[in-house]
A.B. asks: 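After the structure tokens below, expect a handful of questions from me.
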Amino acid sequence: MASIEQWRDDALVRLRSRRSQLAGRARYGLRPPRRDRTAVVTDSAAALPGAVLGHGLAAGIRQVALPVMVGEQIHTEGTDELALELPLALAAGTPVRTSRPSPGAFRTVYAELARAGYARILSVHLSGELSGTVEAARVAAADAERPVTVVDSRTVGFALGMAVVDAAVDAGVGMPVARIRERLEATVDSSQVLFTVPSLEQLRRGGRISGLASLLGTLLQVRPVLAVDDGAIGLLDRPRSAARAVDRLVELATERAGEDPVRIAVHEYGDPETAGQLAERLQPISTTPVPVVELPAVLAAHLGLGALGVVICPLESPTGGSGD
């Protein structure tokens with residue numbers, strides 16, 4: 001099993017290789033002039049670990065936290081208190097809910113980026129089918145000081161996270177924002193998010209599986225395998241055991257990875273041992289190291305303890321080219 005630091009360092013090596021093929025300032029790792037930089041904003045559903053967000057690879061990225069409510073207490077993603085209370089609440093059956101950020105939270109980030117000298121902003125968020133976050137971003141973008149391009153990624157988790165890092169790298173080499181968006185949308189359109197949960201109860205409570213409501217009664221004794229398909233959650237299979245569900249994740253990931261180079265990551269919440277074993281099984285079909293990335297609280301709140309996921313992204317944007 002690879003660490004997120006190994007994944008990050010591998011991405012950095014690939015960035016340096018890409019720069020050697022570019023012309024001008026970008027070839028030498030020089031960023032565009034301050035007055036012409038593009039920032040990338042996302043939300044905590046992108047599952048970007050601190051080891052990535054705090055690294056130069058993610059320069060220009062800002063992440064807006066989604067609120068998580070445990071009982072009647074509102075928490076902010078990333079706090080020690082939430083990390084302690086969320087698994088206890090999920091185990092005890094305490095009501096856990098999430099909410100979109102307020103437009104004001106986005107206004108604050110957009111204004112900070114304007115003060116930092118960024119000329120424009122690309123704001124990329126989890127699927128609008130699963131959250132109102134992208135709508136809050138659009139409201140804030142309407143009166144932002146700098147031009148803001150808001151994108152509904154139609155995906156979630158580290159599939160969104162990898163696309164956001166790619167976008168930040170593209171911005172760092174001076175790519176026009178329209179081209180960055182084109183490449184980002186091609187990447188997420190070609191990405192896959194597969195997952196299994198011990199129970200559909202948390203998803204039901206959060207209203208994220210309305211399309212599966214008629215099947216709930218038939219899924220009580222199974223370990224469902226699901227996918228994010230065109231922004232919404234759909235049922236793929238209903239194995240009878242956790243072991244068989246993991247096998248199905250491997251089978252489906254292998255099938256969907258195809259022959260082209262891909263990046264794969266594993267998500268987990270509350271079961272790092274099984275996640276590590278899953279990552280090792282998937283490593284042969286991934287071009288890059290397969291890290292285990294803990295689900296952010298905003299996703300764990302809906303998937304529950306014991307959730308496992310697999311993210312598959314193309315190694316390069318299907319649009320190809322450097323965009324220059």
Side-chain angles (χ1 to χ4, degrees), residues 1-15 42-55 57-58 61 63 124 126-127 153-169 184 187-197 225-229 233 236 245-246 248-258 260-300 303 306-318:
M1 178 187 75
S3 67
I4 190 62
E5 288 80 8
Q6 288 173 299
W7 179 91
R8 178 199 66 197
D9 293 346
D10 178 83
L12 193 59
V13 169
R14 293 177 187 280
L15 169 60
T42 190
D43 53 73
S44 51
L48 286 170
V52 175
L53 273 177
H55 192 270
L57 187 67
I61 295 178
Q63 182 169 270
V124 189
L126 82 156
S127 173
S153 73
R154 310 290 291 174
T155 192
V156 70
F158 206 45
L160 170 57
M162 284 194 266
V164 163
V165 171
D166 289 351
V169 169
L184 181 144
T187 294
V188 295
D189 286 349
S190 299
S191 297
Q192 307 282 337
V193 179
L194 312 169
F195 60 100
T196 181
V197 293
V225 174
L226 306 109
V228 177
D229 184 15
I233 295 173
L236 293 181
V246 172
R248 283 297 288 144
L249 286 178
V250 174
E251 292 165 4
L252 289 164
T254 302
E255 173 188 318
R256 295 186 177 208
D260 293 329
V262 295
R263 298 169 286 180
I264 295 178
V266 170
H267 277 309
E268 65 84 22
Y269 194 72
D271 193 358
E273 182 177 354
T274 302
Q277 295 167 354
L278 176 57
E280 290 176 358
R281 293 176 66 181
L282 294 171
Q283 186 59 71
I285 62 172
S286 179
T287 307
T288 60
V290 179
V292 173
V293 180
E294 185 178 59
L295 285 166
V298 67
L299 300 184
L303 300 183
L308 291 169
V310 176
V311 168
I312 308 164
C313 289
L315 182 63
E316 298 289 345
S317 170

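These numbers come from a predicted model, not from an experiment.
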A.B. asks: Below 4.5 Å, heavy atoms only, C-beta onward: do L194 and R256 meet side chain to side chain?
C.D. replies: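 Side chain of L194 against side chain of R256, heavy atoms only: contact under 4.5 Å found.
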A.B. asks: May I have all residue pairs that pass salt bridge (Lys or Arg N to Asp or Glu O under 4.0 Å) and include part of residues 270-292, sequence neighbours excluded?
C.D. replies: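 Found D247-R281.
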A.B. asks: If you look at every heavy atom in V266 and V290, which pair is closest and at what distance?
C.D. replies: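 Looking at all heavy atoms of both residues, the shortest contact is CG2-CG1, 4.1 Å.
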A.B. asks: Test your reading of the model: is there a side-chain donor-acceptor pair from H267 to the backbone of V311, 3.5 Å cut-off?
C.D. replies: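 The answer is no, because no donor-acceptor pair under 3.5 Å joins these two groups.
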A.B. asks: If I compare all heavy atoms of A279 with all of V292, which pair ends up nearest, and what's the gap?
C.D. replies: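 Closest pair (atom of A279, atom of V292, distance): CB-CG2, 4.0 Å.
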A.B. asks: Measure the CG-CD distance between L48 and Q63 for me, rounded to the nearest 0.5 Å.
C.D. replies: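 If I round to the nearest 0.5 Å, the distance is 5.5 Å.
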A.B. asks: Ignoring hydrogens, what is the shortest heavy-atom contact between V293 and A47? Give both atom names and the distance.
C.D. replies: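 Minimum heavy-atom separation between V293 and A47: CG1-O, 3.6 Å.
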A.B. asks: So how far is it from L126 CG to T155 OG1, rounded to the nearest 0.5 Å?
C.D. replies: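 That separation rounds to 9.0 Å.
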A.B. asks: Do D260 and L315 come close enough that some side-chain heavy atom pair is under 4.5 Å?
C.D. replies: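 Heavy-atom side-chain distance check fails, nothing below 4.5 Å.
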A.B. asks: If you take all heavy atoms of S153 and V188, which pair is closest and at what distance?
C.D. replies: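 The pair with the smallest heavy-atom distance is O-CG2, 3.5 Å.
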A.B. asks: Can you name the closest pair of heavy atoms from S191 and C313 and give their distance?
C.D. replies: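 Reported closest heavy-atom pair: OG-SG, 3.2 Å.
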A.B. asks: Does any non-hydrogen side-chain atom of V262 lie less than 4.5 Å from one of I285?
C.D. replies: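 Not touching, per the 4.5 Å side-chain cut-off.
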A.B. asks: To the nearest 0.5 Å, what is the distance between CG (L282) and CD (Q277)?
C.D. replies: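 Here the interatomic distance stands at 12.0 Å.
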A.B. asks: To the nearest 0.5 Å, what is the distance between CD (E268) and CG (L295)?
C.D. replies: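 The distance works out to 7.0 Å.
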A.B. asks: Does any N or O in the side chain of R8 come within less than 3.5 Å of the main-chain N or O of H55, such that one atom is a donor and the other an acceptor?
C.D. replies: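 Here the side-chain-to-backbone pair does not exist.
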A.B. asks: Does D166 form a salt bridge (Lys or Arg N to Asp or Glu O under 4.0 Å) with R263? I'd like the steps, not just the answer.
C.D. replies: CA-CA 12 Å; D166 289 351; R263 298 169 286 180; 2.8 Å; yes
A.B. asks: Say you draw a straight line from CG of L15 to CG of D10; how long is it, rounded to the nearest 0.5 Å?
C.D. replies: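 Between L15 CG and D10 CG, I get 11.5 Å after rounding to 0.5 Å.
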A.B. asks: Report the C-alpha separation of V52 and W7 in whole Å, then their side-chain angles, then the decisive distance to 0.1 Å, and conclude whether the side chain to side chain contact (heavy atoms under 4.5 Å, CB included) test is met.
C.D. replies: CA-CA 9 Å; V52 175; W7 179 91; 4.1 Å; yes
A.B. asks: Within the side chain of Q283, is there an N or O that forms a donor-acceptor pair under 3.5 Å with the backbone of T288?
C.D. replies: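 Yes, Q283 side chain to T288 backbone: donor-acceptor pair under 3.5 Å.
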A.B. asks: Supply the atom-to-atom distance L160 CG to T42 OG1, rounded to the nearest 0.5 angstrom.
C.D. replies: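 Between L160 CG and T42 OG1, I get 4.0 Å after rounding to 0.5 Å.
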A.B. asks: Out of the candidates V246, V250, L252, only one should pair with R248 under the side chain to side chain contact (heavy atoms under 4.5 Å, CB included) rule; please name it.
C.D. replies: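 Between R248 and the candidates, side chain to side chain contact (heavy atoms under 4.5 Å, CB included) is satisfied uniquely by L252.
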A.B. asks: Does a side-chain heavy-atom distance below 4.5 Å link L184 with T187?
C.D. replies: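 Counting from C-beta outward, L184 and T187 never come under 4.5 Å.
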A.B. asks: Tell me whether D189 at atom CG has more than 12 heavy atoms from other residues, nucleotides or ligands lying less than 6.0 Å away.
C.D. replies: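 Result for CG/D189: enclosed.
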A.B. asks: Using modelled atom types and a 3.5 Å cut-off, is there a donor and acceptor pairing between side-chain atoms of S286 and backbone atoms of P289?
C.D. replies: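 The answer is no, because no donor-acceptor pair under 3.5 Å joins these two groups.
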A.B. asks: Do you know which two heavy atoms are closest between P49 and I4, and how far apart they sit?
C.D. replies: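 So the minimum-distance heavy-atom pair works out to CG-CG1, 3.6 Å.
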A.B. asks: Would you say the side chain of R14 lies within less than 4.5 Å of the side chain of T287, judging by non-hydrogen atoms?
C.D. replies: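 In contact.
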A.B. asks: Who are the side-chain contact (heavy atoms from CB on, under 4.5 Å) partners of V228, not counting sequence neighbours?
C.D. replies: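 If we apply the side-chain contact (heavy atoms from CB on, under 4.5 Å) test to V228, skipping adjacent residues, the hits are V156, V193, F195.
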